[in-house]
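The figures that follow rest on heavy atoms only: side chains count, while hydrogens, waters and symmetry mates do not.
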Amino acid sequence: GLHSSNGNNAFSWNSRRMFSSNEKHLPAISDPKIETAFKDLMAASWNELPGSLVEEAKKAVSMATDDKAGQEALENVFRAAEACEEFSGVLVTLRMALDDLCGLTGENVGPLPGYLEEAVKSAYSRYMTYLESFGPEEHYLRKKVESELGTK
């Protein structure tokens, strides 16, 4: 259990390696390059990933390392970041289409054309499905995705 005396159980190890006080479930990463890329990605806005960060993440994901678990965690975050970036592009496009329809002050508000309604519904259901795809150990990722896309 949590109080076992062997000191190297995952819990005590993780709690010593916490990145920030509010994220208790981040994976433990031993490779410093991978850890840096991971932190940088978690700190970035996923609406538009800076090219330098994408490069850094790609290098870290493909480099030779013994830290396979860390690399996998980074790969998952990177994949989520790219998915968010693409998805926020979709949402911006939808919002622009809605703005065009409604006029800037909403003077043209009328029924939503079927194709747009479908697009909005499918975007939402894709988003919900995506959120549900994260396992319990990826709670930090789910929260990040929610904070990046939820407002949109």
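Residues Ala57 and Ala37 come closest through the heavy atom pair CA-CB, 4.3 Å. A pairwise comparison of heavy atoms in Ala60 and Ile34 identifies O-CG1, 3.9 Å as the closest pair. Looking at every heavy atom in both residues, Ala80 comes nearest to Tyr130 through CA-OH, 3.0 Å. The minimum heavy-atom distance between Leu94 and Ala123, with the atom names listed, is CD1-CB, 4.0 Å.
In the hydrophobic clustering of this structure, Leu149 does not group with Val92; members are Ile, Leu, Val, Met, Phe, Trp, Tyr whose side-chain heavy atoms approach within less than 4.5 Å, directly or through other members. Under a hydrophobic clustering in which Ile, Leu, Val, Met, Phe, Trp and Tyr are joined whenever their side-chain heavy atoms come within less than 4.5 Å, directly or via other members, Val90 and Met96 fall into different clusters.
Using cut-offs of 30° and 60° for the angle between ring planes, the Phe87 and Tyr127 rings count as parallel.
A donor-acceptor pair is defined here as one N or O able to donate and one able to accept, closer than 3.5 Å; such a pair exists between the side chain of Gln71 and the backbone of Met63.
Separation of atoms NZ (Lys121) and CD (Glu117) is listed at 4.0 Å; rounding is to 0.5 Å. Of the inter-residue distances, the one linking Phe134 atom CZ with Arg142 atom CZ reads 8.5 Å to the nearest 0.5 angstrom. Distance check: Glu72 CD to Asp67 CG gives 10.5 Å after rounding to the nearest 0.5 Å. To the nearest 0.5 angstrom, Glu56 atom CD is 10.0 Å from Phe78 atom CZ. Separation of atoms CE (Met128) and CG (Leu131) is listed at 5.5 Å; rounding is to 0.5 Å. To the nearest 0.5 Å, the span separating CG on Asp40 from OG on Ser52 amounts to 8.5 Å.
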(message) Could you go through Leu74 and Leu41, starting from their C-alpha distance and side-chain angles, then the distance that decides it, and tell me whether this counts as side-chain contact (heavy atoms from CB on, under 4.5 Å)?
(response) CA-CA 9 Å; Leu74 173 64; Leu41 269 177; 3.8 Å; yes
(request) Apply side-chain contact (heavy atoms from CB on, under 4.5 Å) to the pair Asp66 and Asp31, showing each step before the final yes or no. (result) CA-CA 8 Å; Asp66 294 331; Asp31 189 301; over 6 Å; no
(request) Tell me, with the steps shown, if Glu148 and Ser88 meet side-chain contact (heavy atoms from CB on, under 4.5 Å). (result) CA-CA 8 Å; Glu148 292 292 325; Ser88 47; over 6 Å; no
(request) Check the pair Trp46 / Val77 against side-chain contact (heavy atoms from CB on, under 4.5 Å), numbers first and verdict last. (result) CA-CA 11 Å; Trp46 290 358; Val77 171; 3.7 Å; yes
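Counting heavy atoms of neighbouring residues, nucleotides and ligands inside a 6.0 Å radius, atom CD of Glu146 exceeds 12 of them.
Counting only N and O atoms by type, the side chains of Glu138 and Asn76 include a donor and acceptor under 3.5 Å apart.
With salt bridges taken as basic N to acidic carboxylate O contacts below 4.0 Å, one links Glu75 and Arg79.
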